Each structure stands twice: as C-alpha cells, then as structure tokens.
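A short worksheet on the structure shown next.
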Amino acid sequence: MKVVILGAGIIGVSTAWYLLEEGHEVTVVDRQADAALETSFANGAQISVSFCEPWANAEAPLKVLKWLLRDDSPLLFRPRLDPAQWRWGLSFLTQCTDGAFERNVEQLVALGRYSHESLKSLVAATGIEYNRLERGILHFFSSQKDFDAGAAGAELMRTHGVDRRVLSRDEVLKIEPALAAWGPRIAGGTYTPSDESGDARVFTQELARRCIARGARFLYQHDVVAIEKAGGEVSQVTVAEQASGKKTVLKADAYVAALGSYTAPLLRPLGVSLNIYPAKGYSATLRLKQPDRASVVSMIDDARKIAISRLGDFIRIAGTAELAGYDTSLDSSTSRVRCEALVRRYEELFPGVADTTEANFWTGLRPSTPTNIPYIGRTKLGRLWVNAGHGTLGWTHGAGSGRALAELISGKQPALNFEFYGDLPQPVGSRLRPHLA
Ligand SMILES: Cc1cc2nc3c(=O)[nH]c(=O)nc-3n(C[C@H](O)[C@H](O)[C@H](O)COP(=O)(O)OP(=O)(O)OC[C@H]3O[C@@H](n4cnc5c(N)ncnc54)[C@H](O)[C@@H]3O)c2cc1C
C-alpha cells in the first residue's frame, strides 16, 4: 500500500517506521526543515509508563479554580471565545470522577506497556543513541499531604500491575543523592525502576533518517494545504513547498493525520471532529557546570509538577500547562514568568550545579484530549486514519502508537487492550466506550 503521513513528530515518524516494517510505501510531509521541530523538540524526556495519571480526576476542578489567577500555576486555563476550548473544558469535567479516572488509567497503562516494549525492540534493532538513561523515574514530595496522596496514587498504579514503590526520605536520597541539598524538605517519594528517559528530538530525527534509508520519502518544508474528499473517502492531499510555493498532489491508499495539536482544526472541515486542544508547556535546558553533582535519575518535583531529566551534559526542566489557544510565543509576560520559575526552582533544588545564566527556553503545544487518551485508528472517512492527541505522554506512547496504527492499517489487531478510534473490531475483552469526540 501507498501511505501518506501528515506530520513528522514522534508520532508520525514512529508510524512511518512501523509501516515500512509492514512493507508499505511511505511518504511523510512536514512544514518544518527536519523531524521533531515542534512539540517533540524539547519535552520532559521521560518514558513514563507508570506516571501516567490523567489530569482529569476528582480533585482537578477545585485545583484548577484555585490556580485560575496565578501566572505560575502548574495548570492555567485562560478562557477564550473559542468553542473548541469550551467543548474540551466541558468534556474534561465529565472525566473528573473516580470511575472515569480509573478507566482512563487502565487504557494509558496498556498503551504505555505496549509502547515501552516496542521502543526497547526498536532501539535494539536500530542502535539509535539519544542520551537514554534506564534509571527509573522518581517522584518526590515536599509536603506530607502531597506525599500521602502520592502514596495512594502508587497503590492505584500497583493494582494495574505497575511497580511503583513508596519511599521514605532516606530511600529517595539513596536513589538520587544529588537531591541532598533539598533533602531535609523532602517528605517522601515514589519510584518506578522500569521507567526511563532520553531525548525525544534526537531519537525522532535519527529514526526519520533510518526511514529515509529504507526508502521513505520525506517532504520537509511543505505545508499541508488541502485534504480533499470524494464519495465518502479522502481522494488526495495537496501540499505546497514553502520556498517555491509549488503545489504537489499526493494520492495514496491510506492517509495518516499525525499533526499533533493541528490535527483537529485540519480535519474539522472534513466533518471529522476530534476533541484535541493545545496545552502549552515550557522547558528550560541548562548546561551543567558540575556534571558530577547533577542528578541522573529522571524526576518529577510534585510541588511544581515539573519533570527534571539528565541529557548528557545538560539538564532539562519541563512542565506547566496553559490552555489558551495556539500561541507558541515565549515573550509574553506569562511565558517569562513560567520560564523563569523553571530555572529558579532548579537552582533551589540543586544550587550551583547548572549554568542558570544561559537557559535555553522552549515552548510546545501538547495535543491534549480530555481523557489524556490519544486517538489511534480509522476515521469515518475512507482511507483517512488518525494518530494524534497524545497530550502529556507522546514520547512515552510514540513507538507503541506508531506500531499499533501500522498494524491496524495492515489489517492486523494490535496486541493490547485499547479502545482504538473508529469502527474497527475491538480486541477480545475490551470495553466499548465512546471516545470523547
Ligand atoms: C513541556 C512539555 C513536556 C513534555 N514532556 C513529556 C515527557 O516527559 N514524556 C512524554 O512522553 N511526553 C512529553 N510531552 C508530550 C510530547 O512531547 C507530545 O505528546 C508529543 O511530542 C506529540 O507528538 P506529535 O508527533 O503528536 O506532535 P508534534 O511533535 O507537534 O508533530 C506534529 C508535526 O506536524 C507538523 N505540522 C502541523 N501542521 C502542519 C501543516 N499544516 N503542514 C505540515 N506540517 C504540519 C508539525 O511541523 C510537527 O512536526 C511533553 C510536552 C510538553 C509541551
């Protein structure tokens, strides 16, 4: 089959790889000059199978209300005159129950496990190096109340078969001695040894090169300008080269939309309604002045809801979310507050370890769904498939999502209990729950 993939982030490139594995002919289109230059560029770097709890939970509505007016809050909702934002917000509220939370966790763990296995095999097969560290993820708490809640969360994850351990302060410091300066303020932690970290951009770009070496065609610096339909199916996609404006019509047996946050607005005119809304996040990457004193275990600082990951001689601090549209600027006063807060916090936790005078700031739009569960599957339009909406966990779920969609397109049933989007037969034992489209 000829397959055209729209989008060369971690999701589009992983899909390309596994489609090649299935023997298909693949073309990938992206508006950027290389793969992974948008949301997959400088994320928190965590492969986080165990820390996958969705934002929507019973306590979330109250917390979001409390945070509404604080520029430095972990989750900021900026109401706009945008029906897509309100629809997303209302659906999110329907997911803030214990029952929905539990169901969503089950799905996210299933996808996470499948994806982790897929990633490990892919890395073993390709030898891609991307500052991978297989040292687990440590979640530390700076208040007893948050630690108690974290311990309850760990218990829930254990019921889903995830090995998330509860640790005393001393055990936290044994796992990551670099936290010593902050040690007295640590109430405790949770830890999953099987999680890992690594650079999503480097991985995705290397994988794209290997796809090209296997015969895939990558049309970079090309905008998707039109997706046309005829007789209930997509008939062609028109792309335009940015430099010359030259238009090319692409015809294929299958088209995959993997455009991150832009998937929803691009497919809406075709009558395909996806409840994906951008959640702007930030990261700061700092050069280490004292690599020997820096952390190597990937961490989550619960008090600030930020991830801290070691990438060679650099440290990445990432987090916060703003539901405020598609703006990717870094120069607003809110952006500045949020970026500076990341660096300030790092210095508080690890004084003198990194060069905080020259932070590399970045922002990206997490393609978020109210459930945190991505859309993977066939749309109601013939030939059109979707792989988008991976929110906070696209790096973690990238390999598995790409593999699962490639299997579905090839007429196979992926070996995971997951509610694939669209009209496909469900795996035995799975629950048919309407996606919040
Ligand atoms: C601050 C932050 C921290 C994060 N931390 C983690 C983490 O620690 N672990 C984790 O698992 N996940 C994390 N994530 C989430 C993860 O980065 C995303 O889920 C993932 O990158 C989404 O990948 P994608 O391929 O769907 O989107 P993208 O990477 O955005 O890819 C979409 C592609 O589509 C292209 N495109 C869009 N529109 C068009 C068009 N009209 N024409 C042509 N091309 C187009 C873009 O150029 C882009 O390359 C984080 C995200 C953020 C923002």
Side-chain angles (χ1 to χ4, degrees), residues 5-16 28-49 51-52 108 111-112 115-116 119 137 195-201 203-205 208 218-227 237-242 256-267 276 278-284 298-300 305-309 316-322 326 328 338-339 342 361-369 372 374-376 386-402:
I5 299 171
L6 309 177
I10 178 64
I11 303 302
V13 174
S14 300
T15 309
V28 182
V29 181
D30 200 286
R31 61 186 170 195
Q32 299 292 343
D34 201 341
L37 291 186
E38 295 208 0
T39 316
S40 307
F41 185 73
N43 67 20
Q46 297 190 326
I47 296 295
S48 179
V49 178
F51 292 98
C52 64
L108 292 164
L111 181 57
S115 199
H116 201 184
L119 179 68
I137 294 181
D195 283 338
E196 44 181 282
S197 59
D199 194 323
R201 174 189 63 80
F203 176 85
T204 308
Q205 291 180 346
F218 274 64
L219 300 175
Y220 287 126
Q221 293 177 301
H222 278 71
D223 290 310
V224 176
V225 288
I227 305 176
V237 171
T238 306
V239 300
E241 191 186 26
Q242 285 162 6
V256 178
L259 298 149
S261 293
Y262 299 87
T263 312
L266 215 83
L267 299 192
I276 299 173
K280 185 176 184 179
Y282 298 88
S283 73
S298 187
M299 284 182 267
I300 298 171
K305 311 275 184 257
I306 54 176
I308 301 172
S309 294
R316 167 86 41 81
I317 311 124
T320 83
E322 251 170 82
Y326 286 80
T328 52
R338 293 168 97 73
C339 287
L342 294 176
F361 292 121
W362 168 83
T363 181
L365 301 175
R366 298 178 187 87
S368 303
T369 64
N372 265 37
Y375 292 94
I376 304 171
V386 65
N387 204 351
H390 293 74
T392 52
L393 288 171
W395 172 215
T396 304
H397 292 159
S401 300

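As the structure lists them, so they are numbered: ligands from 1, and atoms in each ligand from 1. The figures here come from the full heavy-atom set of this structure, side chains too, leaving out hydrogens, waters and symmetry mates. Just so we're clear, the structure is a prediction, and the values are computed from it rather than from any experiment.
- The heavy atom nearest to atom 5 (N) of ligand 1, considering only Ala42, Ser298, Gly44, is found in Gly44.
- Applying the ring-ring contact (aromatic ring centres under 6.0 Å, His included) test to Tyr220 and every residue at least two apart in sequence or in another chain returns Phe218.
- Counting only heavy atoms of the protein, atom 35 (C) of ligand 1 lies nearest to Asp30 OD2, 3.2 Å.
- Of the protein's heavy atoms, Thr39 OG1, 3.0 Å lies nearest to atom 30 (O) of ligand 1.
- When heavy-atom distances to ligand 1 are checked against a 4.0 Å cut-off, Ala258 comes that close only through its backbone atoms N, CA, C and O.
- Close contacts of ligand 1 with Ile11, meaning ligand atoms under 4.0 Å from a residue heavy atom, involve 23 (O), 24 (P), 25 (O), 26 (O).
- When hydrogens are left out, the protein atom nearest atom 29 (O) of ligand 1 is Ser40 OG, 2.6 Å; that is the closest non-hydrogen contact.
- Assignment of Asp223 to the shell around ligand 1 is supported, since a heavy atom sits closer than 4.0 Å.
- Considering backbone and side-chain N/O of Arg366, none are found under 3.5 Å from N/O of ligand 1.
- Residue Ala36 places no heavy atom under 4.0 Å from ligand 1.
- For ligand 1, one of its N or O atoms has an N or O atom of Gly394 under 3.5 Å away.
- Ligand 1 is never approached by Ser48 to a heavy-atom distance shorter than 4.0 Å.
- Below 3.5 Å of separation, one finds no N or O of Gly364 facing any N or O of ligand 1.
- If you look at Tyr262 next to ligand 1, the close heavy atoms, those under 4.0 Å, all belong to the side chain.
- With a 4.5 Å cut-off on side-chain heavy atoms, Leu6 and Val28 do not count as touching.
- Protein heavy atom nearest atom 12 (N) of ligand 1, with residue, atom name and distance: Thr392 O, 2.9 Å.
- Under 4.0 angstrom from ligand 1, the non-hydrogen atoms of Tyr282 all belong to its backbone.
- For atom 8 (O) of ligand 1, the nearest non-hydrogen atom from the set Gln32, Gln46, Arg316 belongs to Gln46.
- Those atoms of ligand 1 with a heavy atom of Leu393 less than 4.0 angstrom away are 10 (C), 11 (O), 12 (N).
- Of the candidates Ile306, Ile317, Leu342, Tyr282 forms a side-chain contact (heavy atoms from CB on, under 4.5 Å) with just one, namely Leu342.
- Here the side chain of Arg338 pairs no donor or acceptor atom with the backbone of Gly319 at under 3.5 angstrom.
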**Asked** Can Thr392 and Asn372 be said to form a side chain to side chain donor-acceptor pair (under 3.5 Å), step by step?
**Response** CA-CA 7 Å; Thr392 52; Asn372 265 37; 3.3 Å; yes
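- Inclusion of Asn43 in the set of residues having an N or O under 3.5 Å from an N or O of ligand 1 is warranted.
- Listed here is the closest heavy atom pair of Ser309 and Ser197: OG-CB, 4.2 Å.
- Of the polar atoms of His397, none of the N or O atoms is found under 3.5 Å from an N or O of ligand 1, judged by distance alone.
- For atom 45 (C) of ligand 1, the closest heavy atom belonging to the protein is Leu259 CD2, 3.4 Å.
- Residue Glu38 has at least one N or O atom closer than 3.5 Å to an N or O atom of ligand 1.
- Using modelled atom types and a 3.5 Å distance limit, the side chains of Glu241 and Gln221 yield no donor-acceptor pair.
- For atom 27 (O) of ligand 1, the nearest non-hydrogen atom from the set Gly260, Ser368, Pro374, Ala307 belongs to Gly260.
- In Ala45, the part holding a heavy atom less than 4.0 Å from any atom of ligand 1 is the backbone.
- When hydrogens are left out, the protein atom nearest atom 44 (N) of ligand 1 is Arg31 N, 3.1 Å; that is the closest non-hydrogen contact.
- In terms of N/O distances under 3.5 Å, ligand 1 is not approached by Ser283.
- Residues forming a salt bridge (charged side-chain N to carboxylate O under 4.0 Å, His left out) with Arg201 (at least two apart in sequence, or on another chain): none.
- The shortest separation from a heavy atom of Lys280 to ligand 1 is not under 4.0 Å, leaving the residue out of contact.
- Atom 15 (C) of ligand 1 has as its closest protein heavy atom Gly391 O, 3.1 Å.
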**Worked check of side chain to side chain donor-acceptor pair (under 3.5 Å) between Glu38 and Tyr262** = CA-CA 11 Å; Glu38 295 208 0; Tyr262 299 87; 4.7 Å; no
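- The backbone N or O of Val224 lies less than 3.5 Å from no partner atom in the side chain of Arg31, so there is not a single donor-acceptor pair.
- Distance alone, capped at 3.5 Å, places no donor-acceptor pair between the Asp30 side chain and the Ala35 backbone.
- Counting protein heavy atoms only, atom 42 (N) of ligand 1 is closest to Val224 N, 3.0 Å.
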